[in-house]
2 protein chains.
Amino acid sequence: MNDGLYKCLAESNRRRILYCIGEKKMCVNSISECLKMEQSLVSHHLKELLRCGLVERERRGKKNYYKVSKKEIIELLESARKLGDSLEVCDGG
Amino acid sequence: MNDGLYKCLAESNRRRILYCIGEKKMCVNSISECLKMEQSLVSHHLKELLRCGLVERERRGKKNYYKVSKKEIIELLESARKLGDSLEVCDGG
DNA sequence: CGTTCATATGAACAACCATTCATATTTAAT
DNA sequence: ATTAAATATGAATGGTTGTTCATATGAACG
């Protein structure tokens, strides 16, 4: 069923992290600063992203570098965003 | 930000409903029977799908017919499924 | 070893969400 | 108007999840 992927992408901070990393490799601190998010929160989310295979980790010295594991992930985010924009959200009524 | 789309797709029963409807138009009862889900549950989920613009409703007599509002939605589900399958999920460790 | 930087972890809490049950609304037919 | 069929709604509940805070782990270096 692979609920994990969907659940993972459903969280806006996790999507922000993925977008932030993009095609680079980034350590936790950089992501944390870049997004102005608490370090521990970034860490928690990275753990979840790792668990679902959306990012990969590369330990180097003190720092841990993360990268998005497949370019298709960003592409998926892009098409979802476009699709989302094109939908007519119907609120209250 | 349009969190709605992602949140909506993150729920497996809602995805099942979308897949079930596919390119057809279906009334609540049919969906309910087809997926062996309680009528009220289907109704609740359809309401959410409607709210996010993922389905559209067509009232006809007693019955309400629902259809997936854009074919891109099913396509997105498909690519997400494929991507999900290709990811190496890393559990406990 | 002790210290510092970088990251991970765990507990606790609040907010959210899916499900169920019971009931209301709507439409059509008699 | 009554009844039945189809769907919607609301309250209640249990479970999940995001966030924070405090603390632990690990790695490098004096």
Side-chain angles (χ1 to χ4, degrees), chain A residues 1-21 24-67 89-93, chain B residues 1-21 24-67 89-93:
Chain A
M1 190 180 296
N2 211 343
D3 230 35
L5 172 65
Y6 292 101
K7 286 273 168 60
C8 228
L9 294 182
E11 222 285 318
S12 67
N13 274 330
R14 280 194 290 265
R15 292 198 303 276
R16 289 177 66 216
I17 290 176
L18 290 174
Y19 269 124
C20 174
I21 300 179
K24 308 185 291 291
K25 294 181 184 183
M26 288 184 78
C27 65
V28 182
N29 229 353
S30 305
I31 300 173
S32 177
E33 283 177 12
C34 171
L35 297 178
K36 274 141 194 157
M37 284 172 61
E38 274 206 25
Q39 175 269 317
S40 69
L41 182 54
V42 174
S43 222
H44 278 301
H45 282 313
L46 282 171
K47 188 181 186 180
E48 193 58 23
L49 289 166
L50 200 57
R51 210 180 58 79
C52 298
L54 288 169
V55 300
E56 285 168 10
R57 176 165 52 192
E58 189 178 322
R59 300 172 195 261
R60 218 187 290 172
K62 280 194 249 191
K63 301 195 173 179
N64 287 1
Y65 287 90
Y66 287 85
K67 65 165 186 168
V89 176
C90 89
D91 36 17
Chain B
M1 187 179 295
N2 211 341
D3 230 33
L5 172 66
Y6 292 100
K7 287 273 167 60
C8 229
L9 295 182
E11 221 285 320
S12 67
N13 275 330
R14 280 194 290 265
R15 292 198 303 276
R16 289 177 66 215
I17 290 176
L18 290 174
Y19 268 123
C20 174
I21 299 179
K24 307 186 290 294
K25 294 182 183 182
M26 287 185 80
C27 65
V28 182
N29 230 350
S30 305
I31 300 173
S32 176
E33 284 178 11
C34 171
L35 297 177
K36 274 143 193 157
M37 283 173 61
E38 273 207 23
Q39 174 268 319
S40 70
L41 182 55
V42 174
S43 222
H44 277 301
H45 281 313
L46 283 171
K47 187 180 186 181
E48 194 59 22
L49 290 165
L50 200 58
R51 209 180 59 79
C52 298
L54 288 169
V55 300
E56 285 168 9
R57 176 167 50 191
E58 189 178 323
R59 300 171 194 262
R60 217 189 290 173
K62 282 193 248 189
K63 299 195 173 179
N64 287 0
Y65 288 90
Y66 287 85
K67 64 165 188 170
V89 176
C90 89
D91 35 17

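Labels below follow one simple rule: chain letters A, B, ... track the order of the sequence lines, proteins then strands, and each chain is numbered from 1. Because only heavy atoms are used, hydrogens play no part in the values below, and waters and symmetry mates are left out as well, while side chains stay in.
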Euclidean distance, atom NZ of residue B:Lys7 to atom P of C:dC16 [Å, nearest integer]: 9 Å
Residue whose nearest DNA chain C nucleotide is more 5′ - A:Lys62 or A:Arg57: A:Lys62
Sub-4.0 Å heavy-atom contacts from residues 40-47 of chain B onto DNA chain C, ordered by number: B:Ser40, B:Leu41, B:His44, B:His45
Length of the line joining A:Lys63:NZ and C:dA8:P, which is rounded to integer Å: 13 Å
Atom-pair distance (CD on A:Glu38; C1' on C:dA8), nearest Å: 14 Å
Exercise: identify the closest heavy-atom pair between A:Val42 and A:Ser32: CG2-CA, 3.9 Å
Interatomic distance, A:Leu49 CG vs D:dT17 C1' [rounded to whole Å]: 14 Å
Expected output: side-chain B:Arg57 to main-chain B:Leu50 donor-acceptor under 3.5 Å: no
Test item: B:Arg15 side-chain N/O and B:Leu9 main-chain N/O as donor-acceptor pair under 3.5 Å: yes
Under 3.5 Å donor-acceptor, B:Glu11 side chain and B:Asn13 backbone: yes
Any donor-acceptor N/O pair under 3.5 Å between C:dA6 base and A:Gln39 side chain: no
Atom pair distance, as rounded to whole Å: CG in A:Asp3 and C1' in D:dT16: 12 Å
Rounded distance (Å) that lies between atom P of C:dT26 and atom CG of B:Asn29: 19 Å
Residue-phosphate contact under 4.0 Å: A:Asn64 side-chain N/O, C:dA6 OP1/OP2: no
Working for side-chain contact (heavy atoms from CB on, under 4.5 Å), residues A:Ile31 and A:Met37: CA-CA 8 Å; A:Ile31 300 173; A:Met37 284 172 61; over 6 Å; no
salt_bridge(B:Arg14, B:Glu48) N-O dist < 4.0 Å: no
D:dA8 phosphate, OP1 or OP2, under 4.0 Å from B:Tyr66 side-chain N/O: yes
Phosphate OP1/OP2 of C:dT19 contacted by B:Asn13 side-chain N/O (<4.0 Å): yes
Interatomic distance, B:Glu48 CD vs D:dA8 C1' [rounded to whole Å]: 15 Å
Sugar-phosphate only, base, or nothing, as touched by A:Arg60 at under 4.0 Å among non-hydrogen atoms: nothing
Minimum heavy-atom distance between B:Cys52 and A:Val89, given as atom pair plus value: O-CG2, 4.3 Å
Sugar-phosphate only, base, or nothing, as touched by B:Tyr65 at under 4.0 Å among non-hydrogen atoms: nothing
Length of the CG-P vector between B:Leu50 and D:dA8, whole Å: 9 Å
Among D:dT20, C:dA18, C:dA8, the nucleotide that comes nearest once only the side chain of B:Glu11 is considered: C:dA18
B:Arg14 side chain near C:dA18 phosphate (N/O to OP1/OP2, under 4.0 Å): yes
